[in-house]
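Quick notes on the structure that follows.
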Amino acid sequence: MAINITFPDGSRVSEQPGTTIRDAVGRWNGGAVATTVAAKLDGVPVDFGRPLEKSGTIEPISINSAEGLSILRHSISHVMAEAVQDLFEGVKVAIGPSIEDGFYYDFDFKDTFTPEDLEKIESRMREIIADDRPFVRKEVAREEAKRFFAERGETYKVELIDDLPEDVASVSLYSQGAFTDLCRGPHVPSTGTMGAFKLLNVAGAYWRGDERNRMLQRIYGTGFPSVDELTEHLRLLEEARRRDHRRLGRELDLFQMNDEAGPGLIIFHPKGALLRTIIEDWERKEHLKRGYDIVMGPHILKGDLWKKSGHFDHYRDNMYFTEIEDQLYGIKPMNCIAHMLIYKSKIRSYRDLPVRYFELGTVHRHEKTGVLHGLMRVRQFTQDDAHILCTPEQLNDEITAIANFVADAMKIFGFDYEVELSTRPADSIGSDEDWARATTALRKALEGSAIPFEINEGDGAFYGPKIDFKLKDVLGRKWQCATIQCDFALPERFDLTYVGADGDRHRPVMLHRVILGSIERFIGVLIEQYAGAFPLWLSPVQALLLTVTDRHIPYGEEVYRKLLDAGVRAERDFRNEKLGYKIREGQIQKTPFMLVIGDREVEGKTITPRQRDGKNMDALTVEDFILHVRERVDRHE
RNA sequence: GCCGAUGUAGCUCAGCCGGUAGAGCAACUGAUUCGUAAUCAGUAGGUCCGCGGUUCGAAUCCGCGCAUCGGCUCCA
């Protein structure tokens with residue numbers, strides 16, 4: 001009896017049961033077969049060679065789609081696992097999924113894999129690919145699969161099967177040649193369909209991502225349908241290395257990290273400190289404009305306060321402590337405590353709310369050595385932190401205003417971002433009702449502004465749920481910067497109150513929020529975003545003055561003076577070097593403007609700006625140049 | 001914190017099987033006074049990450065520690 005198959009374009013064909021999807025697709029559109037790696041049968045991804053059993057819809061998955069790419073990479077990971085087991089005796093396989101930029105497979109092996117091993121594995125993979133072995137799917141009973149892997153000593157697979165929900169009666173196995181893996185699939189039809197791949201590096205990874213478990217060896221690789229796409233991806237990796245803020249930070253003389261000073265501590269050089277000052281000045285201005293008050297708190301506060309706040313019980317491992325005259329003091333990892341003390345300094349009326357306390361607050365957090373990374377992850381950093389105390393009724397407007405603030409800031413710096421809502425973690429304080437209220441408030445504000453978001457279960461702060469803004473840089477990498485946290489717990493613990501219109505005392509709600517997050521991290525992201533070529537308004541040096549010969553120095557000094565007086569950040573290179581040499585150095589430093597001063601300029605009382613893109617502006621007076629710079633700085637260019 | 005790799009001049013890197021350290025760029029000095037990405041010549045520069053061990057002798061081999069890099073866990 002024939003069955004009816006519907007394709008995405010609406011066309012229907014009649015097929016005999018047992019016909020493969022491949023054949024059906026071939027009859028529908030012969031051209032599609034070559035680029036198809038699998039298909040969705042009634043919306044469920046399955047192998048291209050799967051026989052049809054009943055009527056339904058088929059949607060081919062192209063190797064050029066995101067889903068197809070993921071299937072390809074997953075298949076490559078199986079081939080890699082086979083190659084590894086071929087080459088090395090006693091390797092156990094764990095898991096090997098496709099990931100955003102490629103794939104990995106985790107192995108348990110007594111020896112360690114070296115970069116040379118990766119080459120050997122790649123060669124063996126090419127042999128397997130040349131064999132063009134089909135990926136064969138087999139559905140077996142759960143117990144049979146367990147026996148199968150137990151006999152082969154594949155204890156990780158046995159554990160995976162044991163942990164399946166009880167109602168799962170059977171699992172699927174995929175084999176290519178002699179290698180069989182527990183796998184949901186689908187896979188590409190055969191090992192001949194592998195596109196272009198490359199193994200990249202080997203790293204440690206805990207079994208099931210739990211640090212209490214055994215550490216396995218993870219081999220990372222990437223794969224693409226074509227060699228060209230692989231080459232382009234490798235070029236992007238190279239580009240990322242070229243933009244690395246640690247490298248540019250040294251080359252542009254922005255900051256250093258110093259072994260003698262200690263890990264995770266940044267020393268800002270004049271240009272880095274200037275860049276930071278520009279950003280911080282912008283922050284102060286923006287916050288005052290938006291109704292925040294600037295405050296400043298101490299770096300250390302008595303231990304009892306940290307006990308009261310819950311930090312001592314829930315955040316102690318991340319804190320540093322010191323002792324003064326037998327009194328325990330905690331070095332602040334967050335800025336909220338002092339802000340609450342400011343709130344408590346007098347009786348507050350509902351008419352005073354909301355209050356918004358802003359501080360460029362420098363905090364210290366103990367980070368494990370292995371996580372430190374340039375400016376992105378450090379032990380001392382400064383947050384553009386604020387705490388807003390408001391009535392429950394004001395909560396929505398305040399959260400919305402912060403989200404708008406984030407949107408405005410990200411626009412100025414040229415970033416896209418994604419939003420996540422993180423809910424209550426296991427280790428936390430406060431009542432269930434308060435957590436529910438806080439989470440709802442955050443969600444409603446996002447929904448009210450039609451901001452799309454994803455839920456990140458159990459990832460909130462210990463005192464409240466949070467909205468995280470993950471900023472995306474030009475290379476598509478994501479960074480956590482802005483965050484809004486809704487907190488009913490700390491106002492309770494510190495007994496913060498306001499007098500309501502009814503004359504009674506009420507509890508305010510506290511919002512913790514940062515816009516750029518850590519200034520250090522944000523600068524790191526900015527360096528990579530702009531590849532060190534900062535826009536004019538941020539550039540520590542906006543204009544570099546270059547003399548052609550020594551006789552132009554007096555006029556050069558005059559110009560330099562005028563620029564400084566006008567607030568233009570200028571530097572001089574009046575050395576006795578050829579112009580081309582000075583320009584090369586200025587260009588390497590990515591200076592927005594180089595102002596050339598020679599006979600023509602001295603005579604006409606002008607300067608000739610050379611832009612970073614290599615083009616010259618027409619000669620103009622210093623005054624006109626200053627106006628030009630000011631206009632562009634005002635537009636945040 | 002865990003797994004792995006790495007650590008030589010300011011930077012990038014070479015240095016074989018253990019025999020006492022080298023290049024390019026940068027720096028400094030001199031000459032050159034020059035118009036849009038590198039003028040020429042010379043000089044100087046090293047705790048070979050640190051400590052200990054093996055050895056007649058260690059940058060090189062071994063151990064411990066520190067730091068960095070790539071990941072994992074964690075996170076702004």
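Just so we're on the same page: letters track the sequence lines, and every chain starts at 1. Because the structure is a prediction, the values reported are computed rather than measured.
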| Charged N to carboxylate O below 4.0 Å: is that the case for A/Arg284 and A/Asp281? | yes

| Any idea which of B/U36, B/A37, B/C34 is nearest the A/Val596 side chain? | B/U36

| For A/Ser77, all residues meeting side chain to side chain contact (heavy atoms under 4.5 Å, CB included), sequence neighbours excluded | A/His74, A/Phe103, A/Tyr105

| task | Report which part of the nucleic acid A/Glu577 touches: base, sugar-phosphate, or nothing (heavy-atom distance under 4.0 Å, all strands). | result | base

| message | For a quick check, with a 4.0 angstrom heavy-atom cut-off, what is the B/S/- contact string for nucleotides 62-75 of chain B, read 5' to 3'? | response | -----SSSBBBBBB

| task | For the pair A/Arg235 and A/Glu232, find out whether any cationic side-chain nitrogen is under 4.0 Å from an anionic carboxylate oxygen. | result | yes

| remark: Taking a pair to mean Watson-Crick or G-U wobble geometry with both distances below 3.5 Å, B/U36 pairs with none

| query | Expressed in angstrom and rounded to an integer, what is the separation of A/Ile583 atom CD1 from B/U36 atom P? | reply | 7 Å

| request: Check the distance between B/C11's C1' and A/Arg247's CZ and give it to me in whole angstrom. | output: 10 Å

| request: Starting from C1' on B/C34, measure out to CZ on A/Arg575 and report it in whole angstrom. | output: 14 Å

| Identity of whatever pairs with B/C25 - Watson-Crick or G-U, under 3.5 angstrom | B/G10

| request: Quickly work out the A/Phe574 CZ to B/C34 P distance and round it to whole Å. | output: 17 Å

| Whole-Å distance separating the CD atom of A/Gln611 from the P atom of B/A37 | 15 Å

| field | Sub-6.0 Å ring centroid separation between A/Phe522 and A/Phe413 | value | yes

| request: Let me know the distance between OH of A/Tyr581 and P of B/C40, rounded to the nearest Å. | output: 11 Å

| message | If I pick the P atom on B/A37 and the same atom on B/C69, what distance separates them, to the nearest angstrom? | response | 35 Å

| message | Just checking A/His552 against A/Phe574, ring centres under 6.0 Å apart? | response | no

| With ring centroids as reference points, do A/Tyr463 and A/Tyr315 lie under 6.0 angstrom apart? | no

| Aromatic ring centroids of A/Phe88 and A/Phe107 under 6.0 Å? | no

